[in-house]
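Since the structure is predicted, the reported quantities are computational estimates derived from the model, not experimental observations.
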Amino acid sequence: MSSASDDRRDRDAEGRARNARPRDGLGRPLPYGTDGVERQPEGVVRAPEDSVTEAQALLAAGKPFHAHEVFEDAWKSGPDEERALWRGLAQLAVGLTHAARGNVTGGARLLRRGAGAVEEWGTEAGRSRPYGLELAQLAAWARELADTVEKDGAAVDAEVWAPRLRGGGA
């Protein structure tokens with residue numbers, strides 16, 4: 001027997017969570033029936049260049065949560081030797097998401113973790129510009145944003161702080 005609250009949960013036939021709740025541009029759940037931002041489809045396999053292009057468009061639109069989902073798809077579907085790169089990029093996008101939501105500690109922590117991950121991957125792989133990504137500039141951008149968020153203790157504008165993935169930092 002299920003309670004009324006269980007009946008409202010979004011589950012598939014096997015009982016796995018399938019959250020269909022609307023979300024805002026930063027991925028926060030909104031009340032059912034509210035107009036939200038269209039969600040990124042999950043499990044999409046893209047060419048790496050297409051992942052970077054799509055994530056950049058989402059970041060520029062102030063949707064780092066959605067960009068993280070693109071990076072997560074690349075992380076899960078790409079070759080094993082690139083997983084740490086895509087995971088680091090996802091951490092950068094989630095760090096920006098938390099910083100924009102006002103989660104100072106979590107945002108700064110994820111930004112620094114992502115910065116270290118992309119730098120480490122670039123060093124170990126001997127690639128500083130995979131798919132046109134400027135890893136050193138992205139790491140510098142992330143650390144600057146982490147410092148800013150901690151200093152100001154306030155949410156940032158995700159669109160204003162969006163990095164340029166293919167050169168130029170922020």
Side-chain angles (χ1 to χ4, degrees), residues 10 16-30 36-122 130-150 155-170:
D10 300 319
R16 289 186 298 260
R18 297 284 186 243
N19 195 343
R21 253 177 101 172
R23 304 246 174 197
D24 71 6
L26 294 174
R28 292 175 290 217
L30 298 170
V37 172
E38 188 174 336
R39 302 201 46 191
Q40 282 300 111
E42 292 182 42
V44 177
V45 178
R46 302 170 187 86
E49 294 83 0
D50 294 339
S51 292
V52 174
T53 298
E54 187 166 346
Q56 181 65 76
L58 292 163
L59 288 165
K63 299 178 183 175
F65 178 81
H66 297 77
H68 124 270
E69 291 178 330
V70 172
F71 289 137
E72 191 172 89
D73 283 342
W75 158 20
K76 292 178 178 179
S77 67
D80 287 344
E81 62 271 10
E82 290 186 1
R83 288 195 176 176
L85 168 65
W86 298 108
R87 184 176 54 241
L89 292 168
Q91 289 170 333
L92 293 177
V94 173
L96 176 54
T97 300
H98 282 284
R101 290 176 176 176
N103 177 354
V104 172
T105 302
R109 184 175 294 135
L110 278 164
L111 287 161
R112 289 193 179 102
R113 186 179 303 150
V118 297
E119 281 181 325
E120 182 179 335
W121 183 88
Y131 312 113
L133 293 162
E134 294 284 352
L135 300 183
Q137 289 180 1
L138 282 170
W141 161 83
R143 290 185 178 106
E144 178 186 358
L145 178 53
D147 290 346
T148 298
V149 168
E150 287 177 332
V156 299
D157 184 319
E159 193 171 339
V160 169
W161 273 95
R164 287 191 299 271
L165 301 174
R166 289 185 170 122

> Is a side-chain donor or acceptor of Q137 paired with a backbone partner of L165 at a separation under 3.5 angstrom?
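No.
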> Minimum heavy-atom separation for V156 to L145, with atom names?
CG1-CD1, 4.0 Å
> Identify the heavy atoms of A100 and A155 that sit nearest to each other, and give their distance.
O-CB, 3.3 Å
> Find the distance between CD (E49) and CD (E54) and round it off to the nearest 0.5 Å.
13.5 Å
> Is the closest side-chain heavy-atom distance between L89 and L133 below 4.5 Å?
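SC-SC contact between L89 and L133 confirmed.
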> Suppose we screen for ring-ring contact (aromatic ring centres under 6.0 Å, His included). Which residues come up paired with H68, at least two apart in sequence or across chains?
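Expected list: F65.
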> Which atom names give the shortest non-hydrogen contact between A115 and L92, and what distance separates them?
N-CD2, 3.5 Å
> Is a donor on one side and an acceptor on the other found under 3.5 Å between the side chain of W75 and the backbone of G88?
no
> Once you round to the nearest 0.5 Å, how far does NE2 of H66 lie from CG of L59?
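Answer for the NE2-CG pair, H66 versus L59, is 11.5 Å.
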> Would you say the side-chain atoms of R166 pair up with the backbone N or O of Y131, donor to acceptor, closer than 3.5 Å?
yes
> Excluding sequence neighbours, so at least two apart, what forms ring-ring contact (aromatic ring centres under 6.0 Å, His included) with F71?
none
> side-chain contact (heavy atoms from CB on, under 4.5 Å) with E119: which residues, sequence neighbours excluded?
A139, R143
> First locate atom CZ of R101, then atom CG of L96, and finally report the distance between them rounded to the nearest 0.5 Å.
11.0 Å
> Restricting to non-hydrogen atoms, name the atom on L26 and the atom on G62 that form the minimum distance, rounded to 0.1 Å.
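Distance-wise, the nearest heavy atoms are CD2-O, 4.0 Å.
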> For D147, check salt bridge (Lys or Arg N to Asp or Glu O under 4.0 Å) against everything at least two apart and list the hits.
R112
> Nearest heavy-atom pair of W121 and E81: which atoms, and what distance?
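Scanning both residues, the minimum pair turns out to be NE1-O, 2.8 Å.
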> Where do R23 and P29 come nearest, in terms of heavy atoms and distance?
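It is NH1-CD, 3.4 Å.
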> My understanding is that only residues two or more places apart in sequence, or in another chain, count here; which of them pass side-chain contact (heavy atoms from CB on, under 4.5 Å) with A57?
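Partners of A57 under the side-chain contact (heavy atoms from CB on, under 4.5 Å) test: none.
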> Would you mind writing out the side-chain donor-acceptor pairs for residues 102-111 within the sub-3.5 Å range, not counting sequence neighbours?
| residue | atom | partner | partner atom | Å |
| --- | --- | --- | --- | --- |
| N103 | OD1 | G106 | N | 2.9 |
| N103 | ND2 | H98 | ND1 | 3.1 |

> Would you compute the distance between atom CD of E159 and atom NZ of K63 and round it to the nearest 0.5 angstrom?
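If I round to the nearest 0.5 Å, the distance is 10.0 Å.
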> For D80, enumerate each residue passing the side-chain contact (heavy atoms from CB on, under 4.5 Å) test, keeping only those at least two apart in sequence or located in another chain.
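Once residues adjacent in sequence are excluded, the partners of D80 under the side-chain contact (heavy atoms from CB on, under 4.5 Å) criterion are R83.
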> What residues, two or more places apart in sequence or in another chain, satisfy side-chain contact (heavy atoms from CB on, under 4.5 Å) together with S51?
R46, V70, A74, W86
